[in-house]
Amino acid sequence: MSHPEQHRGRWRPRLDRPALVALLFGLVGVVYRLVLTLFTVPVSNSDEATFGLAALHIGQGRELPVFLYGQHYMGMLESYLAAPLMAVAGPSWPVLRLPMLALYAIFLYLIHRLTRRLGTPWFAAFVVGLLALGPERVVRDQLTVVGGRPEVKPAVLLMLLITVGLAAGTVHRRRLAIGLFGLLVGLAVWSDWLILPYLAVAGLALVWAVRRELLGWSGLLLVAGVVVGVAPMIVDNLRAGPGEDSLSVFREVSTKAGPQPPWSDRIRGGLLEGVPLAHGLCPVDGCGRWQQWFGVLYPLLLLAGAALAVLAYRRAAGAPRGGRVGRAAGGLRGERVGPVVQLALVAGAALTLLSYVRSPLAATSPLDNARYLSVLQLSLPAVLWPLWVAALTAWRGTSSVLGRLAGALSAAVLAALTVTTLVITVLFAATGTAASRTEERQARELAAALRADGPHEVYGDYWTCNRLIFNTDESVVCGVLDGDLSPGQNRYRPYWRQVGRAERPGYVVAVDSPMDRRLRALLADRADAAPVREVGGYRVYHPDTPVRPWR
């Protein structure tokens, strides 16, 4: 918390001890991620390169995409944030990721402010300390430019802080704040639909806080803000052909044919793998049995958090209010808004988890899809608050023997959570970055070789092409083929058409991959005659005549 301090006729803020500790934790978290950003850890890929290429095109004024190339449901806000930097510095992975680092810093600041309002200063510092840690699964969601999650989390926190300020009477320009709330909702909907559960509960909290005001100009400003934020999506969907609108595409992507895994498998994958991975308790290759305890405990903590919020809400209703000062600060509504926001965070986590376990991917591919639970970090203050309260009550000696036992167990859980996250983070920082750096070096060697000596129009697989194009600043253009050398997922069609017009395209394939074997079979006796060289784990073929079996 900041206290005003007069110095030479000026008022300057002075941080209390918990705020200083939180600031130190936050700086460590930001510097740690800055180092990873400079070394391109976690490793880049073609999905991220697509966002980077879009940022390059935006900065050059060539394109103004609404959705990720080749899709109609993933917003491009991250590309627009990176576009000015790309226009100045050109394409590079650290430049592309710098806005994500800034969003992470904003996230820490906002969650610290919200947690102080809902809990205690030291609890807020503890939450920031946990979020400053980060093994690969966590920092990948925070630093890589793959859409949605880095920007929607700060947006939700700001919405909840606006709600708290409106209920407490500390926001003076109330209509503008409500309009900003709507704008954040619209931008979040455009950016990533996975945040919809949190948007729903944040909207309910706002209606609870200012329901009467929403009947007038404030309500119109709220709607106007939503429309402005989501306007790019609305315009694109109006122009889309049948079946190409966002809802139809998202429904098709989310619905998988075939037998559905049983609920028990989906719940097991969501709780025992997804929840610990999303909170940084496991390495990226999966959770051991000893690391799955937090997933088992998580539903119980949600229930305990909801119960504490309800008790606090009822206690605020029965507590005597102060005089005019209390009423000016928001009165009963200001005292109740904390529990309401805590309930919103608990409900947002529960709805997100329920939405996740409804998908078969929670059972069939929990490691790859745990990223969809990274938004659960928003609810960390509400989830850990029951443990903190029990531990603090036992520490002060104001509880019974049973209460002291519960407090000791709660303190042990908080300690185990901290130590486990710290150990996994240290292991990743010490030993888990080598593979990423090796792969990144090989990708850059390939890009440098083709940029210098050609060929400059090539075919390759999906995970090679767009990263190669980005690494060469589009001096090498790549068309995507599947393993059987049929046309693959070409997100940006102009690249495919340019390679298709080339008289003598090259082929970039991973050594001994299915594409490599298929190409050699098609080249037959020409395989050894065609110029071939190996660079960074890839074979580069440059036959005299193109191999295009789909034609």
**Q.** Any pair counted as salt bridge (charged side-chain N to carboxylate O under 4.0 Å, His left out), so long as it reaches residues 263-274, sequence neighbours left out
**A.** Asp265-Arg268

Q | Minimum-distance pair of heavy atoms, taken over all atoms of Phe25 and Ala132 | A | O-CB, 3.3 Å

Q) Should Phe428 and Val41 count as side-chain neighbours, where that means a heavy-atom distance under 4.5 Å? A) yes

Q. So which heavy atom on Gly407 is nearest to which on Ala394, and how close?
A. CA-CB, 3.6 Å

Q.
Could you check whether any side-chain heavy atom of Leu206 comes within less than 4.5 Å of a side-chain heavy atom of Leu222, counting everything from C-beta outward?
A. yes

Q.
Checking the side chain of Ser79 only, and the main-chain atoms of Phe51 only, is there a donor and an acceptor separated by less than 3.5 Å?
A. yes

**Q.** Qualifying residues under salt bridge (charged side-chain N to carboxylate O under 4.0 Å, His left out), relative to Glu151, sequence neighbours excluded
**A.** none

**Q.** Interatomic spacing from CD in Glu136 to CG in Leu143 - rounded to 0.5 Å
**A.** 11.0 Å

(Q) Could you tell me if the side chain of Thr433 sits less than 4.5 Å from the side chain of Phe39, heavy atoms only? (A) no

Q | Those residues that, when tested against Phe123, pass ring pair (Phe, Tyr, Trp, His ring centres under 6.0 Å) (two or more places apart) | A | Trp385, Trp388

(Q) Can you tell me how far apart OG1 (Thr50) and CE (Met76) are? Round to the nearest 0.5 Å. (A) 8.0 Å

Q. What are the two closest non-hydrogen atoms of Ala167 and Ala209, and how far apart are they?
A. CB-CB, 4.0 Å

Q) Is there a donor-acceptor pair under 3.5 Å between the side chain of Ser191 and the backbone N or O of Leu187? A) no

Q | Exam field: side chain Thr115 to backbone Ile111, donor-acceptor pair closer than 3.5 Å | A | yes

Extract all donor-acceptor atom pairs below 3.5 Å that involve side chains of residues 283-312 and protein atoms in other chains or at least two apart in sequence.
from, atom 1, to, atom 2, distance (Å)
Gln291, OE1, Gly288, N, 2.7
Gln291, NE2, Leu281, O, 3.3

**Q.** Residue pairs, two or more places apart or on separate chains, that pass salt bridge (charged side-chain N to carboxylate O under 4.0 Å, His left out) and touch residues 31-54
**A.** Asp47-Arg491, Glu48-Arg97

Q: Determine yes or no for a side-chain-to-main-chain donor-acceptor pair under 3.5 angstrom, with Asp192 supplying the side chain and Ile195 the backbone.
A: no

Q) Heavy atoms, side chains only, cut-off 4.5 Å: are Met100 and Glu78 in contact? A) yes

Q: Please round to the nearest 0.5 Å and tell me the distance separating atom CG of Leu108 and atom CG of Leu103.
A: 11.5 Å

Q | Criterion side chain to side chain donor-acceptor pair (under 3.5 Å) on Ser355 and Tyr372, from CA distance to verdict | A | CA-CA 10 Å; Ser355 175; Tyr372 298 130; over 6 Å; no

Q. What are the two closest non-hydrogen atoms of Asp482 and Gly488, and how far apart are they?
A. OD1-CA, 3.5 Å

Q: Mind checking the CG-OH spacing from Leu53 to Tyr69? Nearest 0.5 Å is all I need.
A: 7.5 Å

Q: Please report the C-alpha distance between Val139 and Tyr32 in whole Å, then the side-chain angles of each, then the deciding distance to 0.1 Å, and finally whether the side chain to side chain contact (heavy atoms under 4.5 Å, CB included) criterion is met.
A: CA-CA 10 Å; Val139 297; Tyr32 164 58; 4.2 Å; yes

Q) Can you tell if the side chain of Glu335 reaches within under 4.5 Å of the side chain of Tyr313, non-hydrogen atoms only? A) no

Q | Heavy-atom side-chain proximity of Val357 to Trp263 below 4.5 angstrom | A | yes

Q. With Asp141, which residues qualify under salt bridge (charged side-chain N to carboxylate O under 4.0 Å, His left out), at least two apart?
A. Arg137, Arg149

**Q.** Cation over ring face, Arg333 and Trp208, 6.0 Å, 45°
**A.** yes

Q.
Do Trp122 and Arg17 make a side-chain contact, defined as non-hydrogen atoms from C-beta onward lying under 4.5 Å apart?
A. yes

Q.
With a 6.0 Å cut-off (strictly less than), is the heavy-atom count around OH of Tyr462, excluding the residue itself, greater than 12?
A. yes

**Q.** For Val201 against Ala344, the heavy-atom pair lying closest together
**A.** CG2-O, 3.3 Å

Q: Determine, stepwise, if the pair Leu353 / Leu271 fulfils side chain to side chain contact (heavy atoms under 4.5 Å, CB included).
A: CA-CA 8 Å; Leu353 197 53; Leu271 287 180; 3.5 Å; yes

(Q) When you measure from the side chain of Ser359 to the backbone of Tyr356, do you find a donor-acceptor pair of N or O atoms at a distance under 3.5 Å? (A) no

Q.
Is it the case that the side chain of Ser400 and the backbone of Gly403 share a donor-acceptor pair, with hydrogens and angles ignored and the cut-off at 3.5 Å?
A. yes

Q. Is Arg444 atom CZ crowded by more than 12 heavy atoms from other residues, nucleotides or ligands, each under 6.0 Å away?
A. yes

Q: Quick one: do Leu118 and Leu345 satisfy side chain to side chain contact (heavy atoms under 4.5 Å, CB included)? Show the steps, please.
A: CA-CA 11 Å; Leu118 304 182; Leu345 290 175; 4.0 Å; yes

(Q) For a 4.5 angstrom cut-off between non-hydrogen side-chain atoms, does Thr163 reach Phe181? (A) yes

Q: Find the distance between CD (Gln342) and CG (Leu114) and round it off to the nearest 0.5 Å.
A: 9.0 Å

Q | Derivation of the side chain to side chain contact (heavy atoms under 4.5 Å, CB included) call for Leu23 and Leu15 | A | CA-CA 9 Å; Leu23 178 62; Leu15 299 178; 3.9 Å; yes

Q: Mind listing the closest non-hydrogen atom pair of Thr421 and Leu417 along with its distance?
A: OG1-O, 2.7 Å

Q.
Could you measure the distance from the OG1 atom of Thr425 to the CG atom of Leu133? Nearest 0.5 Å is fine.
A. 4.5 Å

